Amino acid sequence: MKTLPKQCDILKIEEKWQKEWEEMGVYHFDWKDKHRPTYVVDTPPPYPSGDFHMGNALNHTYFDIVARFKRMQGHNVLFPQGFDCHGLPTEVETEEHYNIKKTELPLEEFIGLCNQFVDKYITIMRTAIKRLGCSIDWTTEYQTRNPDYWRKTQLSFILLHKKGYIYQGTHPINWCPHCETAIADAEVEHQPKQGQLHTIRFQLENGQHKAIATTRPELLSSCVAVAVHPDDERYQKHIGKNIRIPTTNRAVKIVADELADPDFGTGVMMICTYGDKTDVKAAKTRKLPIIMSIDEEGRMTEKAGKYANLAIEEARRAIIADLEKQGLLEKSELIQQEVGQCWRCRTPIEILERKQWFMKTRQLTPQVEKTANDIKWYPDYMKTRLIDWARSLEWDWVISRQRVFATPIPIWYCRKCNEIILAEEGWLPIDPRKDPPKIKDCPKCGHDQFIPETDVLDTWFDSSISCAVHAGWPDRKDWHRFYPADVHPSGTDIIRTWAYYLMVRHLALFNQTPYKSCLINGMVLGTDGRMMHKSLGNYIASPEVISKYGADAARQWAASGGATGSDIPFRWADVEYGWRFLRKLWNAARFASQHLQDHRPTENVKLELLDRWLLSKLAKVVQKATSALEECQFNIAAEEIRNFTWHTFCDSYIEAVKHRLYKPETYGESKRKAAQHTLYLAIYRILQLLAPIIPHTTEEIYQTLYAEDKRHLSIHVSPWPVPDKTLMDEEAERCGDLIIAVIEEIRRDKAEKKKPLNTLMKNVTIYAGTAESARILNLAQESIIGTCKIAKMKILAQKGKGKEVRDYPNVRFVAEY
RNA sequence: GGGCCGGUAGUCUAGCACGGUUAGGACAUCUGCUUGACGUGCAGAAGGUCGCUGGUUCAAAUCCGGCCCGGCCCA
């Protein structure tokens with residue numbers, strides 16, 4: 001056995017092993033292996049933003065611990081990594097960086113520029129993921145922008161289309177006038193905002209006026225009805241009559257509707273197509289006409305009359321000014337309102353009626369609910385988030401986007417008869433924006449010219465087939481062997497997107513759950529307790545932490561920072577504690593290695609009481625840590641193992657066997673051998689238990705001390721320890737606890753008397769209080785004398801005076817120095 | 001307004017599903033010692049109305065009701 005050096009450069013060790021693991025292929029998934037059970041991680045493909053933040057570090061650590069744990073338990077672990085490349089942020093960054101609009105460049109050039117950003121950021125993120133020490137099989141890497149991935153995304157579109165899940169429809173959709181695209185419900189953020197509530201006079205048929213309060217006077221031209229609450233006595237007599245809208249002079253009906261809140265404004269509400277979702281609901285149930293006053297760019301349409309072409313805000317001001325001139329504006333007051341905004345650019349969203357592609361997701365809600373209840377959730381209560389979300393959806397999923405950098409929709413239209421031409425499987429991948437369909441004539445009318453669909457797919461449409469793609473669908477015949485995934489990790493923030501879309505996509509495609517369990521991580525909070533966000537100035541990127549304390553320290557923060565699923569504050573103190581723990585472990589192993597030079601593993605050892613005490617406690621730690629990891633309770637596992645290592649093993653056990661190791665001539669060679677045996681076994685087990693959490697440090701120690709004997713390629717493929725029942729020894733634990741308590745109390749006595757711990761004690765008399773305690777202490781006389789440096793010691797069964805041993809009120813001792 | 005989660009020493013957190021130990025731990029603070037693995041480590045001290053309030057019970061941080069506060073998501 002080699003000894004560990006005194007110096008340990010954790011950062012260097014980490015980078016060394018990251019390289020070697022890859023060269024050794026320790027984490028390669030064996031696609032052909034039919035013996036070991038498989039374990040498949042549905043690794044989230046991060047968006048290449050260029051930032052691998054502590055939130056990424058948290059969730060990657062979670063499932064890397066799971067992957068390593070399962071691998072050691074004998075599973076053939078498929079731990080892939082992809083990147084979710086498409087999307088608005090990159091387009092926006094490209095537009096801003098080059099100061100261009102996506103429409104000003106040829107399609108391919110613009111996509112080329114986007115790709116440059118993605119290339120750069122993927123390199124950064126791949127490095128960051130590797131630097132965290134994730135046990136990923138990098139031969140599985142995929143990128144959603146690659147033609148091969150397009151093929152799969154497009155194939156899933158075609159299959160769903162054929163199954164009737166995909167339809168084109170004119171529906172009210174959330175629209176971002178800045179990004180000029182439809183966005184999904186999940187992408188709408190609700191923000192409190194200060195707005196103005198204007199009270200405007202509408203003219204009744206009899207020439208009188210009624211006041212209506214609205215925050216959006218620019219939608220007067222879209223007003224299709226006016227509603228009052230059915231029980232509102234003030235307006236009973238007007239229900240069913242007409243009322244004239246100022247600025248347009250159009251008349252609409254006054255209707256009774258419970259949506260109108262009698263206490264808000266004047267109690268009279270405009271129904272416009274569309275101001276918000278309430279309008280959508282009212283317009284639909286009452287079959288009201290739809291008047292679109294706002295266009296895709298956020299400008300007023302010709303429906304707005306003289307205000308046409310004005311931007312929304314401009315139109316609002318102009319209308320208010322005109323109303324004021326006409327004496328139709330009663331008042332304007334400030335109010336707090338909730339505004340739906342685009343999650344990317346924070347522009348208030350509009351609801352437009354537009355042709356879009358949809359996926360029928362709502363009809364799957366009962367199945368989503370059933371599946372969510374069938375699978376396992378860590379922690380369990382998180383399943384309600386998915387179920388509540390699915391139940392609350394009012395619209396199907398809008399899957400088309402009016403952007404560029406995304407997977408194209410494989411559709412063309414016949415120029416003459418408008419027939420939809422759906423690509424065939426063999427044509428994929430295909431970009432209709434560049435390529436015509438591979439048929440000569442329209443199958444319906446025979447015309448030979450086609451118009452491409454220029455809309456593209458929502459990026460969630462790419463990433464929501466990950467479970468099938470990881471398994472090798474559609475190319476591997478045996479992909480069902482690796483499907484469903486065993487674990488799907490998700491942040492609390494993306495349950496309603498990724499976890500949900502995965503579920504509906506796979507249910508629709510394969511009628512089977514995409515994942516057997518869902519592992520939830522909370523959000524990372526900044527040191528100020530608020531969500532970690534760049535804009536809040538409390539942001540810390542993982543390279544900053546790792547370059548200071550290393551990945552193993554950062555991983556300990558992630559594992560131990562709080563209960564799985566709860567929000568975890570980032571704490572430097574936790575990382576530093578982790579770092580100190582690594583050093584403690586290193587030194588304990590180094591100490592052992594110095595005393596194990598002549599040790600040869602053998603079964604033939606007669607263990608001392610304290611050896612059996614330690615091994616019994618260790619067996620229980622194995623048991624507790626294993627069940628904690630099975631339940632993804634990383635904090636409990638980490639605490640259990642670290643406390644055992646630091647306190648039980650280092651502080652109590654090692655201190656209590658030093659005399660045996662150093663002075664075999666006094667205490668006997670066999671007692672030294674017993675201590676060696678115990679050290680050798682205990683450190684190996686500790687390293688294994690810690691390996692999923694701190695893979696680098698444990699590997700370095702394993703390779704130096706144990707590899708030669710144990711012969712595993714890496715500690716990460718060594719078999720996970722099974723709690724050894726034969727080592728569990730209640731009697732040894734009971735006795736050992738008393739002995740350790742006495743030793744600690746004597747050390748405490750020295751500390752209280754301000755004496756150095758190696759002070760020789762002239763005389764110690766222990767009053768054990770009972771014959772049984774005396775018997776136990778007599779068994780360990782040497783350990784007490786040797787550990788506490790006692791010249792003469794007497795153990796008496798009787799009760800006596802002196803210092804009381806903590807937790808053992810009958811046991812006391814008197815010490816002379 | 002609805003749903004979910006949380007409220008435990010200066011800070012953060014465990015315990016709560018199955019009520020009963022002196023409410024465990026980390027950081028920070030203070031005090032000693034530095035022992036032949038430890039760029040330190042060890043030992044100790046101080047710090048708590050377990051959000052508030054009612055109830056169930058011999059017994060509540062834990063179970064039930066109400067309220068207050070915070071977070072997240074949604075309307």
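Quick note on labels: first sequence line is chain A, next is B, and so on, each numbered from 1. Predicted model, so just to flag it, every value in this text is computed and none were measured.
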For the rings on A:Trp646 and A:Tyr577, is their centre-to-centre separation under 6.0 Å?
yes
Per the O4'-C1'-N9-C4 / O4'-C1'-N1-C2 angle with a 90° window around 0, B:A17 comes out syn
For B:G19 and B:U57, measure between their P atoms and round to the nearest Å.
15 Å
Think A:Lys755 forms a cation-pi with A:Tyr817, using NZ or CZ under 6.0 Å from the six-ring centre and within 45 degrees of its axis?
yes
Can you sort out the partners of A:Tyr680 under ring-ring contact (aromatic ring centres under 6.0 Å, His included), two or more places apart, ordered by chain and number?
A:His599, A:Tyr706
B:U29: pairing nucleotide in any strand, Watson-Crick or G-U under 3.5 angstrom:
B:A45
Mind running a 4.0 Å heavy-atom check of residues 644-652 of chain A against RNA chain B and sending the residues that fall below it, in number order?
A:Trp646, A:Cys650, A:Asp651
Do NZ/NE/NH1/NH2 and the carboxylate oxygens of A:Glu631 and A:Lys376 come within less than 4.0 Å?
yes
For A:Arg806, report the nucleic acid contact type (base, sugar-phosphate, nothing); a contact means any heavy atom under 4.0 Å.
sugar-phosphate
Taking donor-acceptor contacts at under 3.5 Å, does the side chain of A:Lys755 reach the base of B:C33?
no
Salt bridge check: are A:Arg747 and A:Glu744 linked by an N-O gap of less than 4.0 Å?
no
Within residues 558-567 of chain A, residues whose heavy atoms come under 4.0 Å of RNA chain B
A:Ala563
Verify the contact: side-chain N or O of A:Arg580 to OP1 or OP2 of B:G39, cut-off strictly under 4.0 Å; return yes or no.
no
Touch class at under 4.0 angstrom, heavy-atom based, for A:Asp9 against every strand present
nothing
Is A:Lys750 touching bases, backbone alone, or none of the nucleic acid, heavy atoms closer than 4.0 Å?
nothing
Taken to the nearest whole Å, CD1/A:Ile387 to C1'/B:G2 is 17 Å
With respect to A:Trp613, which candidate in A:Thr648, A:Thr678, A:Asp737 satisfies the side chain to side chain donor-acceptor pair (under 3.5 Å) definition?
A:Asp737
B:U35 phosphate, OP1 or OP2, under 4.0 Å from A:Lys658 side-chain N/O:
no
When the C1' atoms of B:C4 and B:A75 are considered, how many whole Å apart are they?
15 Å
Expressed as a whole number of Å, how far does the P atom of B:G54 sit from that of B:A60?
13 Å
Rounded to the Å, how far apart are A:Leu757 CG and B:G44 P?
11 Å
Report yes if a side-chain nitrogen or oxygen of A:Arg748 is closer than 4.0 Å to either non-bridging phosphate oxygen (OP1 or OP2) of B:G44; otherwise report no.
yes
Partner of B:G65 under the Watson-Crick or G-U wobble criteria, both distances under 3.5 Å, comes out as B:U53
What do you reckon, is NZ of A:Lys762 surrounded by more than 12 foreign heavy atoms closer than 6.0 Å?
no
Which base sits across from B:U40 as a Watson-Crick or G-U pair, both distances under 3.5 Å?
none
Watson-Crick/G-U partner (both atom distances under 3.5 Å) of B:G1
B:C74
Need one value for A:Lys754: base, sugar-phosphate or nothing, where a base atom within 4.0 Å counts as base even if backbone is also close, heavy atoms only.
sugar-phosphate
Under 4.0 angstrom, heavy atoms only, what part of the nucleic acid is A:Gln7 near: base, sugar-phosphate, or nothing?
base
Reckon A:Cys8 touches a base, only the sugar-phosphate, or nothing at all at heavy-atom distances under 4.0 Å?
base
Would you indicate what A:Glu744 reaches in the nucleic acid, counting non-hydrogen atoms under 4.0 angstrom: base, sugar-phosphate, or nothing?
nothing
Would you call A:Glu14-A:Arg555 a salt bridge at under 4.0 Å N-O?
no
Could you give the distance separating B:U34 and B:U8 at their P atoms, to the nearest angstrom?
40 Å
Calculate, to the nearest 0.5 Å, the distance between atoms CG and OH belonging to A:Leu738 and A:Tyr808 respectively.
5.0 Å
State plainly whether the residues A:Glu782 and A:Arg660 are in salt-bridge range, i.e. N to O under 4.0 Å.
no
Row check, A:Phe644 ring normal vs A:Lys620 NZ/CZ: under 6.0 Å, within 45°
no
